[in-house]
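Worksheet for the structure shown next.
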Number of protein chains: 2
Amino acid sequence: MALENPPGSAFLLAAVGAHAAARFAARVSALDLTPPQVGLLGLIAASPGQSQQALAGVLGMPPSRLVGLVDALADRGLVERRRNRTDRRLYELHITEEGTEMLARIAKVGREHDDALCRSLDAAERETLRALLSRIAADQGLRPGIHPGYRSV
Amino acid sequence: MALENPPGSAFLLAAVGAHAAARFAARVSALDLTPPQVGLLGLIAASPGQSQQALAGVLGMPPSRLVGLVDALADRGLVERRRNRTDRRLYELHITEEGTEMLARIAKVGREHDDALCRSLDAAERETLRALLSRIAADQGLRPGIHPGYRSV
DNA sequence: TGTAATCGTTCAGAGTTGTAATCGTTCTGG
DNA sequence: CCAGAACGATTACAACTCTGAACGATTACA
(Lines give C-alpha, C1' and ligand atoms only; values in the text may rest on other atoms or scores of the structure.)
Protein backbone atom coordinates (compact mmCIF):
# COMPACT_ATOMS: atom_id res chain seq x y z
CA MET A 1 0.00 0.00 0.00
CA ALA A 2 1.12 3.48 -0.72
CA LEU A 3 -0.67 5.27 2.02
CA GLU A 4 1.58 5.28 5.03
CA ASN A 5 4.06 8.05 5.60
CA PRO A 6 6.45 6.69 6.58
CA PRO A 7 5.66 3.05 5.91
CA GLY A 8 5.74 0.78 8.91
CA SER A 9 8.49 -1.71 9.49
CA ALA A 10 6.13 -4.54 8.65
CA PHE A 11 5.48 -3.27 5.16
CA LEU A 12 9.14 -2.63 4.55
CA LEU A 13 9.92 -6.10 5.79
CA ALA A 14 7.39 -7.69 3.47
CA ALA A 15 8.57 -5.66 0.50
CA VAL A 16 12.30 -6.18 1.00
CA GLY A 17 11.70 -9.81 1.90
CA ALA A 18 9.75 -10.45 -1.28
CA HIS A 19 12.45 -8.74 -3.26
CA ALA A 20 15.12 -10.87 -1.60
CA ALA A 21 13.16 -14.03 -2.32
CA ALA A 22 12.65 -13.09 -5.96
CA ARG A 23 16.31 -12.33 -6.47
CA PHE A 24 17.34 -15.54 -4.80
CA ALA A 25 14.96 -17.47 -7.01
CA ALA A 26 16.57 -15.90 -10.06
CA ARG A 27 20.02 -16.88 -8.84
CA VAL A 28 19.25 -20.51 -8.10
CA SER A 29 17.37 -20.87 -11.37
CA ALA A 30 20.83 -20.77 -12.94
CA LEU A 31 21.40 -24.07 -11.16
CA ASP A 32 18.09 -25.39 -12.48
CA LEU A 33 16.62 -25.33 -9.01
CA THR A 34 13.61 -23.68 -7.46
CA PRO A 35 13.66 -22.19 -3.96
CA PRO A 36 11.46 -24.96 -2.52
CA GLN A 37 13.85 -27.55 -3.91
CA VAL A 38 16.77 -25.72 -2.35
CA GLY A 39 15.01 -25.60 1.00
CA LEU A 40 14.20 -29.28 0.90
CA LEU A 41 17.70 -30.26 -0.14
CA GLY A 42 19.15 -28.28 2.73
CA LEU A 43 16.73 -29.81 5.17
CA ILE A 44 17.57 -33.33 4.05
CA ALA A 45 21.26 -32.56 4.39
CA ALA A 46 20.75 -31.15 7.87
CA SER A 47 18.81 -34.14 9.14
CA PRO A 48 19.23 -37.20 6.92
CA GLY A 49 17.11 -40.31 7.10
CA GLN A 50 13.85 -38.49 7.75
CA SER A 51 10.63 -39.77 6.25
CA GLN A 52 8.75 -37.68 3.73
CA GLN A 53 5.83 -37.24 6.05
CA ALA A 54 8.10 -36.02 8.83
CA LEU A 55 9.62 -33.47 6.47
CA ALA A 56 6.21 -32.38 5.28
CA GLY A 57 5.20 -31.80 8.87
CA VAL A 58 8.30 -29.73 9.58
CA LEU A 59 7.80 -27.64 6.46
CA GLY A 60 4.07 -27.24 7.03
CA MET A 61 3.40 -28.55 3.56
CA PRO A 62 0.95 -31.22 2.38
CA PRO A 63 2.71 -34.54 1.77
CA SER A 64 1.34 -34.68 -1.75
CA ARG A 65 3.37 -31.63 -2.57
CA LEU A 66 6.54 -33.10 -1.24
CA VAL A 67 6.33 -35.98 -3.71
CA GLY A 68 7.03 -33.81 -6.70
CA LEU A 69 9.86 -31.98 -4.97
CA VAL A 70 11.55 -35.21 -3.94
CA ASP A 71 11.00 -36.64 -7.40
CA ALA A 72 12.76 -33.70 -8.99
CA LEU A 73 15.73 -33.97 -6.65
CA ALA A 74 15.90 -37.74 -6.95
CA ASP A 75 15.71 -37.68 -10.75
CA ARG A 76 18.79 -35.50 -10.79
CA GLY A 77 20.61 -37.73 -8.34
CA LEU A 78 20.84 -35.13 -5.61
CA VAL A 79 18.97 -37.21 -3.04
CA GLU A 80 17.98 -40.84 -2.82
CA ARG A 81 15.08 -42.71 -1.30
CA ARG A 82 16.03 -45.72 0.77
CA ARG A 83 13.43 -48.05 2.15
CA ASN A 84 13.44 -48.26 5.91
CA ARG A 85 14.31 -51.85 6.79
CA THR A 86 12.14 -52.14 9.84
CA ASP A 87 9.16 -50.28 8.36
CA ARG A 88 8.96 -50.63 4.64
CA ARG A 89 6.24 -48.04 4.34
CA LEU A 90 8.74 -45.32 5.07
CA TYR A 91 11.39 -43.86 2.87
CA GLU A 92 14.61 -42.58 4.35
CA LEU A 93 15.75 -39.53 2.45
CA HIS A 94 19.48 -39.10 2.13
CA ILE A 95 21.63 -36.63 0.29
CA THR A 96 24.06 -37.98 -2.29
CA GLU A 97 27.60 -37.01 -3.18
CA GLU A 98 26.28 -34.87 -6.01
CA GLY A 99 23.74 -33.36 -3.70
CA THR A 100 26.51 -32.30 -1.34
CA GLU A 101 28.41 -30.70 -4.20
CA MET A 102 25.27 -28.91 -5.31
CA LEU A 103 24.80 -27.67 -1.79
CA ALA A 104 28.23 -26.12 -1.85
CA ARG A 105 27.34 -24.28 -5.02
CA ILE A 106 24.08 -23.16 -3.45
CA ALA A 107 25.92 -21.86 -0.41
CA LYS A 108 28.18 -19.82 -2.68
CA VAL A 109 25.18 -18.40 -4.51
CA GLY A 110 23.61 -17.60 -1.14
CA ARG A 111 26.65 -15.64 -0.02
CA GLU A 112 26.74 -13.70 -3.26
CA HIS A 113 23.05 -13.01 -2.90
CA ASP A 114 23.56 -11.83 0.64
CA ASP A 115 26.38 -9.50 -0.36
CA ALA A 116 24.39 -8.04 -3.24
CA LEU A 117 21.38 -7.42 -1.07
CA CYS A 118 23.26 -5.81 1.80
CA ARG A 119 25.90 -4.00 -0.20
CA SER A 120 24.70 -0.65 1.12
CA LEU A 121 25.38 -1.73 4.71
CA ASP A 122 28.74 -2.07 6.43
CA ALA A 123 29.68 -5.10 8.49
CA ALA A 124 28.43 -3.69 11.77
CA GLU A 125 25.11 -2.67 10.26
CA ARG A 126 24.63 -6.09 8.74
CA GLU A 127 25.18 -7.68 12.08
CA THR A 128 22.70 -5.27 13.66
CA LEU A 129 20.13 -6.14 11.03
CA ARG A 130 20.70 -9.82 11.50
CA ALA A 131 20.30 -9.51 15.24
CA LEU A 132 17.07 -7.53 15.01
CA LEU A 133 15.58 -9.91 12.47
CA SER A 134 16.61 -12.91 14.54
CA ARG A 135 14.89 -11.43 17.53
CA ILE A 136 11.68 -10.91 15.60
CA ALA A 137 11.89 -14.38 14.08
CA ALA A 138 12.31 -16.00 17.49
CA ASP A 139 9.54 -13.93 19.02
CA GLN A 140 7.18 -14.75 16.18
CA GLY A 141 7.81 -18.45 16.51
CA LEU A 142 9.67 -18.88 13.23
CA ARG A 143 11.88 -21.91 13.38
CA PRO A 144 15.41 -21.08 12.26
CA GLY A 145 16.29 -22.28 8.79
CA ILE A 146 12.70 -22.88 7.80
CA HIS A 147 10.95 -20.53 5.48
CA PRO A 148 7.26 -19.92 6.15
CA GLY A 149 4.94 -19.82 3.21
CA TYR A 150 6.16 -23.35 2.37
CA ARG A 151 8.30 -21.93 -0.38
CA SER A 152 11.11 -22.51 2.07
CA VAL A 153 13.84 -20.59 0.32
CA MET B 1 17.20 -23.71 3.58
CA ALA B 2 18.49 -25.17 6.75
CA LEU B 3 22.12 -25.29 5.92
CA GLU B 4 23.65 -21.99 6.89
CA ASN B 5 25.00 -21.39 10.34
CA PRO B 6 24.15 -18.68 11.01
CA PRO B 7 21.67 -17.91 8.25
CA GLY B 8 22.46 -14.88 6.15
CA SER B 9 20.51 -11.66 6.41
CA ALA B 10 18.89 -12.35 3.07
CA PHE B 11 17.33 -15.58 4.21
CA LEU B 12 16.15 -14.03 7.46
CA LEU B 13 14.69 -11.15 5.48
CA ALA B 14 12.80 -13.46 3.18
CA ALA B 15 11.51 -15.59 6.04
CA VAL B 16 10.42 -12.74 8.29
CA GLY B 17 9.04 -10.87 5.32
CA ALA B 18 6.92 -13.81 4.22
CA HIS B 19 5.69 -14.20 7.77
CA ALA B 20 4.80 -10.53 7.95
CA ALA B 21 2.92 -10.73 4.64
CA ALA B 22 1.00 -13.80 5.74
CA ARG B 23 -0.02 -12.25 9.03
CA PHE B 24 -1.09 -9.06 7.34
CA ALA B 25 -3.17 -11.05 4.88
CA ALA B 26 -4.90 -12.75 7.78
CA ARG B 27 -5.67 -9.41 9.39
CA VAL B 28 -7.13 -7.73 6.33
CA SER B 29 -9.17 -10.80 5.51
CA ALA B 30 -11.30 -9.75 8.47
CA LEU B 31 -12.19 -6.72 6.35
CA ASP B 32 -12.99 -9.00 3.39
CA LEU B 33 -9.97 -7.70 1.53
CA THR B 34 -6.93 -9.31 0.01
CA PRO B 35 -3.46 -7.73 0.16
CA PRO B 36 -3.46 -6.87 -3.56
CA GLN B 37 -6.77 -5.09 -3.13
CA VAL B 38 -5.38 -3.16 -0.20
CA GLY B 39 -2.34 -2.15 -2.20
CA LEU B 40 -4.41 -1.00 -5.12
CA LEU B 41 -6.81 0.94 -2.92
CA GLY B 42 -3.92 2.72 -1.27
CA LEU B 43 -2.36 3.52 -4.60
CA ILE B 44 -5.59 4.97 -5.96
CA ALA B 45 -5.96 7.07 -2.84
CA ALA B 46 -2.40 8.32 -3.13
CA SER B 47 -2.71 9.36 -6.76
CA PRO B 48 -6.35 9.62 -7.87
CA GLY B 49 -7.48 9.92 -11.45
CA GLN B 50 -4.93 7.52 -12.86
CA SER B 51 -5.85 5.23 -15.71
CA GLN B 52 -5.87 1.50 -15.20
CA GLN B 53 -3.05 0.98 -17.61
CA ALA B 54 -0.91 3.52 -15.78
CA LEU B 55 -1.54 1.73 -12.50
CA ALA B 56 -0.76 -1.62 -14.06
CA GLY B 57 2.53 -0.22 -15.25
CA VAL B 58 3.41 1.12 -11.82
CA LEU B 59 2.54 -2.17 -10.15
CA GLY B 60 4.30 -4.24 -12.77
CA MET B 61 1.16 -6.25 -13.36
CA PRO B 62 -0.67 -7.15 -16.59
CA PRO B 63 -3.68 -4.89 -17.19
CA SER B 64 -5.95 -7.89 -17.47
CA ARG B 65 -5.24 -8.68 -13.87
CA LEU B 66 -6.11 -5.21 -12.71
CA VAL B 67 -9.61 -5.54 -14.09
CA GLY B 68 -10.62 -8.09 -11.50
CA LEU B 69 -9.08 -6.12 -8.67
CA VAL B 70 -10.80 -2.92 -9.71
CA ASP B 71 -14.06 -4.79 -10.20
CA ALA B 72 -13.94 -6.13 -6.66
CA LEU B 73 -13.28 -2.70 -5.18
CA ALA B 74 -15.87 -1.01 -7.39
CA ASP B 75 -18.56 -3.59 -6.59
CA ARG B 76 -18.15 -2.76 -2.92
CA GLY B 77 -18.26 0.96 -3.58
CA LEU B 78 -14.72 1.62 -2.41
CA VAL B 79 -13.58 3.10 -5.72
CA GLU B 80 -15.36 4.36 -8.79
CA ARG B 81 -14.53 4.46 -12.47
CA ARG B 82 -15.14 7.79 -14.15
CA ARG B 83 -14.80 8.23 -17.86
CA ASN B 84 -12.17 10.71 -18.84
CA ARG B 85 -13.99 13.56 -20.60
CA THR B 86 -11.31 14.34 -23.12
CA ASP B 87 -10.39 10.72 -23.85
CA ARG B 88 -13.25 8.38 -23.28
CA ARG B 89 -11.09 5.33 -23.73
CA LEU B 90 -9.62 5.95 -20.31
CA TYR B 91 -11.10 5.45 -16.91
CA GLU B 92 -10.16 7.72 -14.06
CA LEU B 93 -10.00 5.76 -10.86
CA HIS B 94 -11.10 7.63 -7.76
CA ILE B 95 -11.57 6.59 -4.17
CA THR B 96 -15.01 7.05 -2.64
CA GLU B 97 -16.13 8.18 0.77
CA GLU B 98 -16.52 4.58 1.85
CA GLY B 99 -13.12 3.80 0.40
CA THR B 100 -11.58 6.49 2.56
CA GLU B 101 -13.26 5.08 5.62
CA MET B 102 -12.05 1.63 4.72
CA LEU B 103 -8.56 3.02 4.33
CA ALA B 104 -8.69 4.37 7.86
CA ARG B 105 -9.62 0.92 9.11
CA ILE B 106 -6.81 -0.58 7.08
CA ALA B 107 -4.35 1.90 8.56
CA LYS B 108 -5.43 0.88 12.02
CA VAL B 109 -4.99 -2.79 11.17
CA GLY B 110 -1.58 -1.94 9.76
CA ARG B 111 -0.48 -0.28 12.96
CA GLU B 112 -1.68 -3.20 15.03
CA HIS B 113 0.12 -5.53 12.69
CA ASP B 114 3.27 -3.50 12.99
CA ASP B 115 3.12 -3.49 16.77
CA ALA B 116 2.52 -7.22 16.92
CA LEU B 117 5.40 -7.96 14.62
CA CYS B 118 7.90 -5.70 16.36
CA ARG B 119 6.73 -6.20 19.91
CA SER B 120 10.12 -7.63 20.87
CA LEU B 121 11.86 -4.40 19.84
CA ASP B 122 11.88 -1.09 21.66
CA ALA B 123 11.24 2.22 19.91
CA ALA B 124 14.89 2.90 19.13
CA GLU B 125 15.42 -0.57 17.73
CA ARG B 126 12.36 -0.28 15.54
CA GLU B 127 13.68 2.94 14.12
CA THR B 128 17.05 1.34 13.49
CA LEU B 129 15.39 -1.53 11.69
CA ARG B 130 13.29 0.82 9.62
CA ALA B 131 16.34 2.83 8.65
CA LEU B 132 18.35 -0.21 7.62
CA LEU B 133 15.49 -1.64 5.60
CA SER B 134 14.85 1.69 3.94
CA ARG B 135 18.49 1.90 2.94
CA ILE B 136 18.36 -1.57 1.38
CA ALA B 137 15.07 -0.81 -0.35
CA ALA B 138 16.43 2.38 -1.86
CA ASP B 139 19.66 0.72 -2.92
CA GLN B 140 17.80 -2.19 -4.51
CA GLY B 141 15.58 0.12 -6.50
CA LEU B 142 12.35 -0.64 -4.66
CA ARG B 143 9.92 2.19 -5.05
CA PRO B 144 8.54 3.24 -1.67
CA GLY B 145 5.00 2.13 -0.99
CA ILE B 146 5.00 -0.45 -3.75
CA HIS B 147 5.28 -4.08 -2.96
CA PRO B 148 7.27 -6.21 -5.40
CA GLY B 149 5.86 -9.55 -6.38
CA TYR B 150 2.70 -7.66 -7.43
CA ARG B 151 1.01 -8.86 -4.29
CA SER B 152 1.51 -5.31 -3.13
CA VAL B 153 0.70 -5.72 0.55
C1' DT C 1 -6.51 -63.08 12.79
C1' DG C 2 -8.60 -59.17 11.26
C1' DT C 3 -9.50 -54.41 11.72
C1' DA C 4 -7.81 -49.83 11.95
C1' DA C 5 -4.13 -46.70 11.22
C1' DT C 6 -0.01 -45.07 8.64
C1' DC C 7 2.98 -43.92 4.52
C1' DG C 8 3.62 -42.68 -0.01
C1' DT C 9 1.45 -41.82 -4.30
C1' DT C 10 -1.82 -40.43 -7.72
C1' DC C 11 -5.69 -38.08 -9.51
C1' DA C 12 -9.28 -34.73 -10.17
C1' DG C 13 -10.88 -30.16 -9.06
C1' DA C 14 -10.31 -25.30 -7.92
C1' DG C 15 -7.88 -21.24 -8.09
C1' DT C 16 -4.34 -18.11 -10.38
C1' DT C 17 -1.64 -15.99 -13.77
C1' DG C 18 -0.05 -14.54 -18.40
C1' DT C 19 -1.04 -14.28 -23.46
C1' DA C 20 -3.82 -13.34 -27.19
C1' DA C 21 -7.96 -11.88 -29.46
C1' DT C 22 -12.06 -8.55 -29.26
C1' DC C 23 -14.57 -4.18 -28.88
C1' DG C 24 -15.06 0.60 -28.63
C1' DT C 25 -12.66 4.99 -28.90
C1' DT C 26 -9.29 8.28 -30.51
C1' DC C 27 -5.52 9.91 -33.30
C1' DT C 28 -3.15 10.47 -37.90
C1' DG C 29 -2.57 11.41 -42.73
C1' DG C 30 -4.17 12.15 -47.13
C1' DC D 1 -13.85 14.52 -44.08
C1' DC D 2 -12.73 9.76 -44.22
C1' DA D 3 -10.05 5.43 -43.81
C1' DG D 4 -6.82 3.07 -41.27
C1' DA D 5 -3.59 2.74 -37.45
C1' DA D 6 -3.05 3.10 -32.46
C1' DC D 7 -4.63 2.67 -27.84
C1' DG D 8 -7.28 1.45 -23.49
C1' DA D 9 -10.28 -1.84 -21.34
C1' DT D 10 -12.29 -6.17 -21.40
C1' DT D 11 -12.94 -10.97 -22.28
C1' DA D 12 -11.55 -15.62 -23.55
C1' DC D 13 -8.34 -19.08 -23.45
C1' DA D 14 -4.50 -21.98 -22.04
C1' DA D 15 -0.77 -23.20 -18.76
C1' DC D 16 0.43 -23.75 -14.30
C1' DT D 17 0.23 -24.74 -9.22
C1' DC D 18 -1.88 -26.20 -5.05
C1' DT D 19 -5.24 -28.67 -2.29
C1' DG D 20 -7.98 -32.65 -0.77
C1' DA D 21 -9.71 -37.13 -1.41
C1' DA D 22 -8.95 -41.73 -2.70
C1' DC D 23 -5.99 -45.82 -3.35
C1' DG D 24 -2.52 -49.77 -2.69
C1' DA D 25 0.89 -51.39 0.38
C1' DT D 26 2.41 -52.07 5.00
C1' DT D 27 2.21 -52.16 9.94
C1' DA D 28 0.16 -51.93 14.73
C1' DC D 29 -3.17 -53.30 17.85
C1' DA D 30 -7.03 -55.81 19.87
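All values below come from the heavy atoms of this structure, side chains included, with hydrogens, waters and symmetry mates left out. We name chains A, B, ... by the order of the sequence lines, and we start the count at 1 in each one.
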Tell me the interatomic distance from B:Arg82, atom CZ, to D:dG8, atom P, rounded to whole angstroms. 21 Å
On the nucleotide C:dT26, are OP1 or OP2 found under 4.0 Å from the side-chain N or O atoms that B:Arg88 carries? yes
Counting just side-chain N and O atoms, does B:Arg65 come under 4.0 Å of either OP1 or OP2 of C:dT17? yes
Of D:dA9, C:dT25, C:dT9, the nucleotide closest to the side chain of A:Pro63 is C:dT9
Could you run through DNA chain D and flag its stems, i.e. three or more consecutive Watson-Crick or G-U pairs with both distances under 3.5 Å? C:1-30 with D:1-30
If we only count heavy atoms from C-beta on, is the B:Val70 to B:Gln52 side-chain gap below 4.5 Å? yes
For atom CG of B:Leu90 and atom C1' of D:dA9, their distance in whole Å: 9 Å
Flag yes if more than 12 heavy atoms outside A:Arg81 fall under 6.0 Å of its CZ atom; otherwise flag no. yes
Pick the nucleotide of DNA chain C nearest each of A:Asp71 and B:Pro62; which residue has the one closer to the 5' end? A:Asp71
Check whether any side-chain nitrogen or oxygen of A:Gln52 sits under 4.0 Å from OP1 or OP2 of C:dT9, and answer yes or no. yes
Under 4.0 Å, heavy atoms only, any strand: does A:Ser64 hit a base, just the sugar-phosphate, or nothing? base
Member of A:Leu78, A:Leu73, A:Asp32, A:Val38 meeting the side-chain contact (heavy atoms from CB on, under 4.5 Å) criterion with A:Met102: A:Leu78
What is the distance, to the nearest angstrom, from the CZ atom on B:Arg83 to the C1' atom on D:dG8? 9 Å
In terms of side-chain geometry, is the basic nitrogen of A:Arg119 or A:Asp114 positioned less than 4.0 Å from the acidic oxygen of its partner? no
Parallel, tilted or perpendicular: which describes the rings of B:His113 and B:Phe24, with under 30° parallel and over 60° perpendicular? tilted
Specify the separation, in whole Å, of atom CZ of B:Arg89 and atom C1' of C:dT25. 6 Å
Please give, in whole Å, the distance from C:dT9 C1' to A:Leu69 CG? 14 Å
Just compare D:dT19, C:dC7, D:dT27 and give me whichever is closest to any side-chain atom of A:Asp87. D:dT27
How many whole angstroms separate atom CG of B:Asn84 from atom P of D:dC7? 17 Å
Testing C:dG8, C:dT6, D:dT19 for proximity to the side chain of A:Gln53, the answer is C:dG8
Cation-pi between B:Arg83 and B:Tyr91: NZ/CZ under 6.0 Å from ring centre and within 45° of the ring axis? yes
Give the rounded distance in Å between these two atoms: CZ of A:Arg85 and P of D:dT26. 17 Å
Length of the line joining B:Arg81:CZ and D:dG8:C1', which is rounded to integer Å: 12 Å
Between A:Arg23 and A:Leu117 (side chain of the first, backbone of the second, donor and acceptor by atom type, cut-off under 3.5 Å), is there such a pair? no
